[in-house]
Structure formats: C-alpha cells, structure tokens
Amino acid sequence: MQLTLSGRTAIITGGSLGLGQAMAQAFYQAGARVAIVARRENVLAETKAAIAATEAPIGARIEAFACDVADGGALSRMHDAVVATLGPVDIVVNNAGKAVAKPFEKLTDQDWQDDLDLKLMAAVRLTRLVWPGMVARRWGRVINILNTFAKAPGANTSPTSVTRAAGMALTKVLAGEGAPHNVLVNALLIGLIRSDQIRRQWERSGANQDLETFVAEFGKRLPMGRMGEAGECASTALFLASEAASYVTGCAINMDGGMCPVV
Ligand SMILES: NC(=O)c1ccc[n+]([C@@H]2O[C@H](COP(=O)([O-])OP(=O)(O)OC[C@H]3O[C@@H](n4cnc5c(N)ncnc54)[C@H](OP(=O)(O)O)[C@@H]3O)[C@@H](O)[C@H]2O)c1
C-alpha cells in the first residue's frame, strides 16, 4: 500500500532534528507541503536543504519557519505565515519538546511552567489555530508526540510524566470533539528513539565511548535489544496522517519496541 499525502499541508513542530526531521522527510516524500518549525534558523535551513534534495512527487514542498512554540504570540504568527505560504493546514504534528526530569523536590514553579508551556500549551494553542479550518473542510489530523511515561510514570520523571499524561488526555478529548467532523487525533508515546536528544545524553554521560556504542549498549536493555530509529516513528506518523488511518482516532500508540508495561 502506497501512503500518500499529496495535496495536504502539514506543520511539524520540532521539525529540524530527530523525530521531527524524519517525519518531515517522510511527509515530503509522500507528497505533502511541509512546514518545519523550530527555534534555530541555521539548523532549520540545513534540514530544509537536506530534505529538499531528496526525491518527492510533484507538488511536494518543504519550508522552514523559525518559532518558539512555547510563545503563544509567535505560534499565531507562524501559523499565519504557513497558511500564506503553503495554504490551510490539514495535518499538525505537535512534536517539539525536550527531556526534563528531576527529583520532585528540586523542581521549581518555573520548571513546571516551562514544561507545560512547551509540551502541553503549545499543542493546545496550535491545535486551536488549525481546528476551525479542519472542521470546516471535514478533514484533519492531529498527532501528538508524547512519552511512554504518560501511561507508566516512574520516580524522578516529573514534570515530563505529568505533562505527557495531560497530553494524552488532551488527545482523547479532542478525538471525541473531532470525530463528528472527520478530524482525527492520535498520540505516539515514545520510548527511546535515536535522535539529537539521545546524542546530547551521550555528551552528558562524558562520551567515554563512541556514540554508536552508547546507543547499542543502551539498546541492549530494551525488549527488542535496540533503540528505535526516527524513521520507524515517521512510518507510524505517516500512516496516522494518511487516508489509510481513516477510522483511527483517540489512540495512544506505544512507539517503544515493547518497553512500556502498559498497553
Ligand atoms: N528521542 C526519544 O527517545 C524521546 C523519548 C521520549 C519522548 N520524546 C519526545 O519526542 C519529541 C521529539 O524528540 P527528539 O528526540 O526528536 O528531540 P530532538 O532531537 O532534541 O529535537 C527536538 C526538536 O524540537 C525543537 N524545539 C525544542 N524546543 C523548541 C521550542 N521551544 N520551540 C520550537 N521548537 C523547539 C528543536 O529545535 P530548536 O532547538 O532549534 O528549537 C528540535 O527541532 C520531543 O517532544 C521529545 O520530548 C523523545
């Protein structure tokens, strides 16, 4: 089965690196007009050029938009710019995020607020901007990239676990409200997938071994004996964004190679 996104416009936040970059590439190669969104313009430009250099069907486009998604005003301006450049938005992937986890007593109010603004409110605000158009056109896809901690939190995993659980609740609420309008909302719960985030963890670990060995050693502890690849996440996101997933909504799919103990 060939999955196509021809004629669709997609926004992928955090689209310059890691999972977001892989999803942007997959969507572009499926024929979509893709807006990648992140803060650093130089990284965005490199990723845009790399993706544009790959083969894609006629009509596919890739454009970069610099924006801090934790800033509601900036999100709104970015959305206006995307619509002006690529047309009304059919698909949103709320993916921008970063790993933050500390012992509970070390977390300040600001830590909590920053996590909520980046990982929850950005998704709330961007979805609110695209929602009326999706409802009016009776077609939309919202994909929230979360963390398996949303289902199975553990010690020292806040604020992420709490914010991601809220993201899962948001997914279910929106799926209920979108279903009558053919606006489908799902979440991917990420376990451990090789990305820039993992490279930064390797750097923080002291980089005593090369990155490949670090990734391989980490992977040995996982059920499938390896970390996931960003392209594997992109394949699932492409399915959810496509017509092939036309009866799938309100799901929180573990993208973790069997790591999460909860279905
Ligand atoms: N990789 C994993 O194993 C894993 C595990 C669990 C959950 N996740 C989640 O999956 C998502 C993608 O992770 P990843 O591993 O691909 O991360 P990554 O490699 O670190 O990439 C993060 C992306 O988000 C962008 N970003 C960060 N803060 C932003 C902001 N305030 N505004 C706009 N863009 C922002 C970054 O670009 P700039 O820095 O230039 O803005 C970059 O494009 C994140 O939400 C992460 O929490 C990943």
Side-chain angles (χ1 to χ4, degrees), residues 2-38 44 47-52 54-67 69 75-97 122-146 171 174-175 178 181-188 230-246 248-249 253 255:
Q2 182 81 22
L3 298 177
T4 176
L5 299 182
S6 281
R8 305 288 184 204
T9 295
I11 292 179
I12 302 178
T13 69
S16 65
L17 286 171
L19 279 54
Q21 176 173 6
M23 291 187 281
Q25 170 125 13
F27 286 19
Y28 175 73
Q29 290 178 338
R33 297 180 289 268
V34 182
I36 50 172
V37 176
L44 276 168
T47 298
K48 176 184 162 181
I51 292 176
T54 64
E55 267 186 45
I58 291 168
R61 284 183 64 182
I62 178 90
E63 297 294 342
F65 298 83
C67 168
V69 299
L75 261 182
S76 182
R77 290 189 292 279
M78 176 276 289
H79 173 253
D80 288 349
V82 170
V83 173
T85 310
L86 299 177
V89 179
D90 306 294
I91 302 161
V92 163
V93 184
N94 291 305
N95 165 72
V124 168
R125 290 174 177 138
L126 182 54
T127 305
R128 192 166 55 206
L129 288 164
V130 298
W131 193 264
M134 290 178 173
V135 167
R137 293 189 301 282
R138 290 197 56 77
W139 203 97
R141 299 283 193 272
V142 177
I143 302 171
N144 294 321
I145 305 298
L146 307 173
T171 301
L174 289 176
H181 309 286
N182 195 34
V183 177
L184 310 184
V185 186
N186 292 287
L188 289 183
E232 295 177 298
C233 175
S235 302
T236 311
L238 175 58
F239 164 70
L240 290 174
S242 75
E243 204 47 44
S246 54
V248 181
T249 193
I253 300 171
M255 191 69 227

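Because only heavy atoms are used, hydrogens play no part in the values below, and waters and symmetry mates are left out as well, while side chains stay in.
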Before you tell me yes or no, could you show the steps for Y28 and I36 under side-chain contact (heavy atoms from CB on, under 4.5 Å), namely the whole-Å CA-CA distance, both residues' side-chain angles and the distance that decides it to 0.1 Å? CA-CA 11 Å; Y28 175 73; I36 50 172; over 6 Å; no
Which donor-acceptor pairs under 3.5 Å do side chains of residues 76-90 form with protein atoms, sequence neighbours excluded?
residue, atom, partner, partner atom, Å
R77, NH1, G73, O, 3.4
T85, OG1, A81, O, 2.7
D90, OD2, T9, N, 2.7

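- In terms of modelled atom types and a separation under 3.5 Å, the side chain of N95 and the main chain of I12 share no donor-acceptor contact.
- Atom-to-atom distance recorded for M255:CE and T236:OG1 is 4.0 Å, nearest 0.5 angstrom.
- Contact detail for E243 and R8: the closest heavy-atom pair is OE1-NH2, 4.0 Å.
- Not counting sequence neighbours, the partners of Q29 by the side chain to side chain donor-acceptor pair (under 3.5 Å) test are T54.
- The side chain to side chain contact (heavy atoms under 4.5 Å, CB included) test applied to V124 returns L120, M121, R128, L170, not counting sequence neighbours.
- The minimum heavy-atom distance linking R138 with N182 is given by the pair O-ND2, 2.9 Å.
- Here the closest heavy-atom approach between residue A96 and residue V69 is recorded as CB-CG2, 3.8 Å.
- Judged as a salt bridge (Lys or Arg N to Asp or Glu O under 4.0 Å), not a single pair has a partner in residues 10-19 (not counting sequence neighbours).
- For the atom pair CD1 of I62 and CD of Q25, the computed distance is 8.5 Å after rounding to the nearest 0.5 Å.
- Scanning all heavy atoms of the two residues, the minimum distance from A26 to A234 falls at CB-CB, 4.0 Å.
- Across all non-hydrogen atoms, the minimal contact from E63 to K48 is OE1-NZ, 3.1 Å.
- The closest donor-acceptor contact from the side chain of R33 to the backbone of G7 lies under 3.5 Å.
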Start with the C-alpha distance between N94 and V142, add both sets of side-chain angles, then the distance that settles side-chain contact (heavy atoms from CB on, under 4.5 Å), and finish with yes or no. CA-CA 8 Å; N94 291 305; V142 177; 3.8 Å; yes
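- A search for side chain to side chain contact (heavy atoms under 4.5 Å, CB included) contacts involving A187 returns N144, L146, T171, L189, A252, not counting sequence neighbours.
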Taking it one step at a time, do I253 and N186 satisfy side-chain contact (heavy atoms from CB on, under 4.5 Å)? CA-CA 8 Å; I253 300 171; N186 292 287; 5.6 Å; no
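- When all heavy atoms of M134 and V92 are compared, the pair lying nearest together is CE-N, 4.2 Å.
- Side chain of T47 to backbone of L44: no donor-acceptor contact under 3.5 angstrom is found.
- A heavy-atom distance below 4.5 Å is found between the side chains of L188 and L240.
- For A32, the side chain to side chain contact (heavy atoms under 4.5 Å, CB included) criterion is met by L5, F27, V34, not counting sequence neighbours.
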